[in-house]
J.: 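Before anything else, here's the structure in question.
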2 protein chains.
Amino acid sequence: MATMPKIVDPGARRRAVADAVLRVIGREGVEGASLRNVAEEAGLAIGSVRHYFHDHDELLLFTMRELSTRIDGRVRTHVDRLLDPAARAERPARVEELIGEFLALDEERRQEAVLWMAFCGAARIRPELRACAVEMETGLRDLLARVLRGAQESGALPADLDVDLECLRLSALLDGLNLRAMLEPEYVTPEAQRAVLRRHLQGLRVPR
Amino acid sequence: MATMPKIVDPGARRRAVADAVLRVIGREGVEGASLRNVAEEAGLAIGSVRHYFHDHDELLLFTMRELSTRIDGRVRTHVDRLLDPAARAERPARVEELIGEFLALDEERRQEAVLWMAFCGAARIRPELRACAVEMETGLRDLLARVLRGAQESGALPADLDVDLECLRLSALLDGLNLRAMLEPEYVTPEAQRAVLRRHLQGLRVPR
DNA sequence: GCCATTGTGGCACGACCGCGCTAAATTGTT
DNA sequence: AACAATTTAGCGCGGTCGTGCCACAATGGC
């Protein structure tokens, strides 16, 4: 009864196709991610792609979630390292490192930021994508809230800080930096982004 | 030799068509702004639209510039009022008012912000639009620089402020707020935006 | 009244799109 | 060797797209 005619892991295939989608979107934008383009990029026939995604919408949504979990996973690594009860002296530097994980500081993360922005733009029109985008941003704010509250309790940040407000402010700053790094990377360099982030964090430390 | 067969102001027509483009983009996104959709929205035949824009690219670029000059004009009003050598006591409040002009604080500006974000997304792929987007952002930074330097000279801001850095930080914050207001308007309300902006400006006033 | 100029409307072509559908190739089980 | 399930490949329909091209209407100058 356990018949296995092909030795293909469907999950791996889907992820490989999603990778092709990301490459196409990075090159031509979301509207360029047609089944034909994606199939060619993945080195597959159109019919093969459609065998794993019975819908074009499903293909895009899966790819967006794939991207979000990829980003989320990388950040989670840093968050674990940060919350590790190691020497507290290192924490300030690691906070900057953690939050910098959301910025386009190297080519890999720059590409991810570009892709994420592309999906966010598409999410305004397509409801399914919109839900995914909101989840991601909410997760980002929650993560920032935990970090800021942790720093508050350890005395690194003033106790009377309005954490919710600061989370919105900081997350908006990060998104804005990514948006601009996407449009004018020659101006918003990694160094500039780091300087802005450092200045912002330093601005949090002074009592209001 | 001065023949005028029709009593149509071409400029007004082009602007009317651009308005239709903006309505369509607001409803369906940039990719929905096809000649057919735009013509129908404008109540014209597709041939008529093509009489005033011999290219689809030109239609989009003209519409983007139209939007940018519209935003720019509204801001320029506030900037003139701000630089008016009236009572200096009012200035801090007016600075907040001026910068708030870039935020989605009412339905009109929210719609403009959505449209601008849509164009910025499209600008990553299409070079002509990209140039327009960069011009706009550069203009925004220059404007912020003039305002901040003015406040610096009048003593409202610390003299050792890194104005260029703060302009990038502030402009990124504004863009990020607009992006999020576009995706989750129920969370990023006008009041929340105002609170973030006020907090940010207050953070500029404390000496570093 | 005539005409050149300008605006309007629309047809048709080739390209691309998603998707329903079918056929063939592949491969472990029997 | 024969089979059934899975994977791969692809045809073709109906639709939308931008655009080249043409016919016709409107209108002010002669």
J.: Which of these passes salt bridge (Lys or Arg N to Asp or Glu O under 4.0 Å) with D72(A): R70(A), R76(A), R74(A)?
T.: R76(A)
J.: Please report the distance, rounded to the nearest Å, between CD in E40(A) and C1' in dG10(D).
T.: 15 Å
J.: May I ask you to evaluate whether N37(B) reaches the phosphate of dC17(D), defined as a side-chain N or O under 4.0 Å from OP1 or OP2?
T.: yes
J.: Measure from the side-chain N and O atoms of T77(A) to the backbone N and O of G73(A), and report whether any donor-acceptor pair falls under 3.5 Å.
T.: yes
J.: Rounded to whole angstrom units, what separation is found between the CD atom of E31(B) and the P atom of dC17(C)?
T.: 14 Å
J.: For R194(B), is there an ion pair with E191(B) - N to carboxylate O distance below 4.0 angstrom?
T.: no
J.: Under a 4.0 Å N-O cut-off, is there an ion pair linking D175(A) with R180(B)?
T.: yes
J.: Please state how far atom CG in L44(A) lies from atom P in dT6(D), giving the value in whole angstrom units.
T.: 19 Å
J.: Do the numbers put R130(B) on top of the ring of F119(B), so that NZ or CZ is under 6.0 Å from the six-membered ring centre and no more than 45° off the axis?
T.: no
J.: Rounded to whole angstrom units, what separation is found between the CG atom of D57(A) and the C1' atom of dC19(C)?
T.: 12 Å
J.: Within less than 4.0 Å of OP1 or OP2 of dC16(C), is there a side-chain N or O belonging to S34(A)?
T.: no
J.: Measure from CG on L35(A) to P on dC13(D) and round the result to the nearest Å.
T.: 19 Å
J.: Which nucleotide wins on minimum distance to the side chain of Y52(A), given the candidates dG7(C), dT8(D), dC19(C)?
T.: dT8(D)
J.: Categorize H56(A) for me: base, sugar-phosphate, or nothing, with a 4.0 angstrom heavy-atom threshold over every strand shown.
T.: sugar-phosphate
J.: Ignoring backbone atoms, test whether S48(A) places a side-chain nitrogen or oxygen under 4.0 Å from the OP1 or OP2 oxygen of dT7(D).
T.: no
J.: Within this structure, what is the CD-to-C1' distance between E28(A) and dC17(C), rounded to whole angstrom?
T.: 14 Å
J.: Identify, between G47(A) and R36(A), the residue whose nearest nucleotide on DNA chain D lies closer to the 5' end.
T.: G47(A)
J.: If each of H51(A) and I46(A) is mapped to the nucleotide of DNA chain D with the nearest heavy atom, which maps nearer the 5' terminus, i.e. the 5' end?
T.: H51(A)
J.: Rounded to the nearest Å, what distance is computed from the NE2 atom of residue H54(B) to the C1' atom of nucleotide dC21(D)?
T.: 16 Å
J.: Determine whether a donor-acceptor pair (one donor, one acceptor, N or O, separation below 3.5 Å) exists between the side chain of R50(B) and the base of dG7(C).
T.: no
